[in-house]
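Here, residue 1 is the first one in the sequence, and each next residue gets the next number. Here the structure is a predicted model, which is why all the values come from computation and not from measurement. Remember, it's 1-based here, ligands and their atoms both numbered in the order they're listed. Note: hydrogens, waters and symmetry copies are ignored here, and every other heavy atom, side chains too, is used.
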Amino acid sequence: MTSRWTTAVLDTDQPGGWAVARSPEGFLFDDNGALFPREWLKRQDLSILAEHGIGHLDGEPVYLLELRSHSDVPGCNWKGLRAFMLEGDHTVYKVLGYAAQIGTWAREHRFCGNCGQAMIQVPRERAMYCEPCDLRSYPRISPSMIVLVTRGDEVLLARSPRFVTGVYSTLAGFAEPGESAEDCLIREVREEVQIEVKNIQYMGSQCWPFPHSMMLGFHAEYAGGEIVCQEDEIEDAQWFNVHELPPLPASRSIARYLIDVYVARRLGHAEPVLPG
Ligand SMILES: NC(=O)C1=CN([C@@H]2O[C@H](COP(=O)(O)OP(=O)(O)OC[C@H]3O[C@@H](n4cnc5c(N)ncnc54)[C@H](O)[C@@H]3O)[C@@H](O)[C@H]2O)C=CC1
Ligand SMILES: [Mg+2]
Ligand SMILES: [Zn+2]
């Protein structure tokens, strides 16, 4: 099956195509969704910071208008990326997730981190460039480990104070310089719940554009310790039986996938597929 959406670096001097508009309030949308005819969108009263050609959707070029601030466009509203993930068409969410990462990165790399001068967008390459330093900055991706710790029919799930009331999820955390994926996973589980793990098994990965994580998902077995929650980060953590699970994270997240796969295996059900 060919993908409906492919990323590309497009020349912004070419006319036509679709465009999405992103402001600090989220993406612009109307009854037809978040993709607008580009020429129409550029005629609206928008405060454009930068334009990026980001790829092809069903063969049509797609551009991002990154805005300084939101403005009123008749018949339209603004909505955050998370809402598109939860409600929208998965392909459109992927377009917007990519647009958000490119917009954030380009906005935060307008000046050289080495000499402080203005950087320029490199034609035909996804990079910002400082000529005096001959320095290129590429989009940033932050590797994060996410793990379901298991003990037979039980799984270890935790709550962060930021979660929706009642929801429990898998443990996660960012890799630090010097760490392997496994080192990071072991450290994060120790820091967050003081549990030791063994038999770490890689399960799959997911781009998580909030704002630029690359989630690497694992299962790991309990090897020892009693749950002690990390102050401020973990509000509660418990062993839950696969027959009595609490409210879980959104179905498109890799957190949910890691839980659903394990439960399916224990119960002998068909395994779910990780959304791309
Ligand atoms: N797709 C999914 O199913 C899930 C994704 N996640 C994501 O995993 C990531 C890590 O999860 P949490 O530990 O809960 O996140 P977090 O936001 O609580 O991060 C913990 C701490 O790490 C530090 N930090 C923030 N950004 C960093 C970076 N780029 N590199 C290194 N350190 C950084 C900060 O001190 C922050 O307080 C987050 O992006 C979160 O959104 C978390 C759970 C489920
Ligand atoms: Mg964490
Ligand atoms: Zn420089």
Specify whether F36 and W40 have parallel, tilted or perpendicular ring planes, treating 30° as the upper limit for parallel and 60° as the lower limit for perpendicular.
parallel
The one among S213, P161, A172 that brings a heavy atom closest to atom 12 (P) of ligand 1
A172
Heavy-atom nearest neighbour of atom 7 (C) of ligand 1 within options E176, E192, M215, R162:
M215
Does G173 reach ligand 1, in the sense of a heavy atom lying below 4.0 Å from it?
yes
So, the side chain of R252 versus the backbone of M85: is there a donor-acceptor pair under 3.5 Å, distance only?
yes
Between D236 and R159, is there a side-chain N and carboxylate O pair less than 4.0 Å apart?
no
With sequence neighbours excluded, residues passing side chain to side chain donor-acceptor pair (under 3.5 Å) with R82
none
Which part of T170 is near ligand 1, with near meaning a heavy atom under 4.0 Å away: side chain, backbone, both or neither?
neither
Side chain, backbone, both or neither: which part of A255 has a heavy atom under 4.0 Å from ligand 1?
both
Cation-aromatic face contact K79/F84, 6.0 Å, 45 degrees
yes
Below 4.0 angstrom, counting only protein heavy atoms, does anything approach atom 36 (C) of ligand 1?
no
Distance from atom 4 (C) of ligand 1 to nearest protein heavy atom, with residue and atom
I146 CD1, 3.7 Å
Quickly, which of E179, E192, E182 forms a salt bridge (charged side-chain N to carboxylate O under 4.0 Å, His left out) with R187? Name it, please.
E179
Which pairs count as salt bridge (charged side-chain N to carboxylate O under 4.0 Å, His left out) when at least one residue sits in residues 92-107, sequence neighbours excluded?
E66-R107
Contact (N/O only, under 3.5 Å) between S169 and ligand 1:
no
NZ/NE/NH1/NH2 to OD/OE distance under 4.0 Å, E51 and R38
yes
Would a 4.5 Å heavy-atom cut-off, applied to side chains only, mark L81 and P209 as touching?
yes
Nearest heavy atom to atom 2 (C) of ligand 1: which of I259, L258, I254, I141 does it belong to?
I254
The Zn ion (ligand 3): protein N, O or S atoms [distance under 2.8 Å]
C112 SG, C115 SG, C130 SG, C133 SG
When you check the space around the Mg ion (ligand 2), which protein N, O or S atoms turn up under 2.8 Å?
A172 O, E192 OE2
Of the backbone atoms (N, CA, C, O) and the side-chain heavy atoms from C-beta on, which set of E188 has a member under 4.0 Å from an atom of ligand 1: side chain, backbone, both, or neither?
neither
Taking N or O atoms only and a 3.5 Å limit, does R256 qualify as a polar contact for ligand 1?
no
Ion pair check, R151 and E154, cut-off under 4.0 Å:
yes
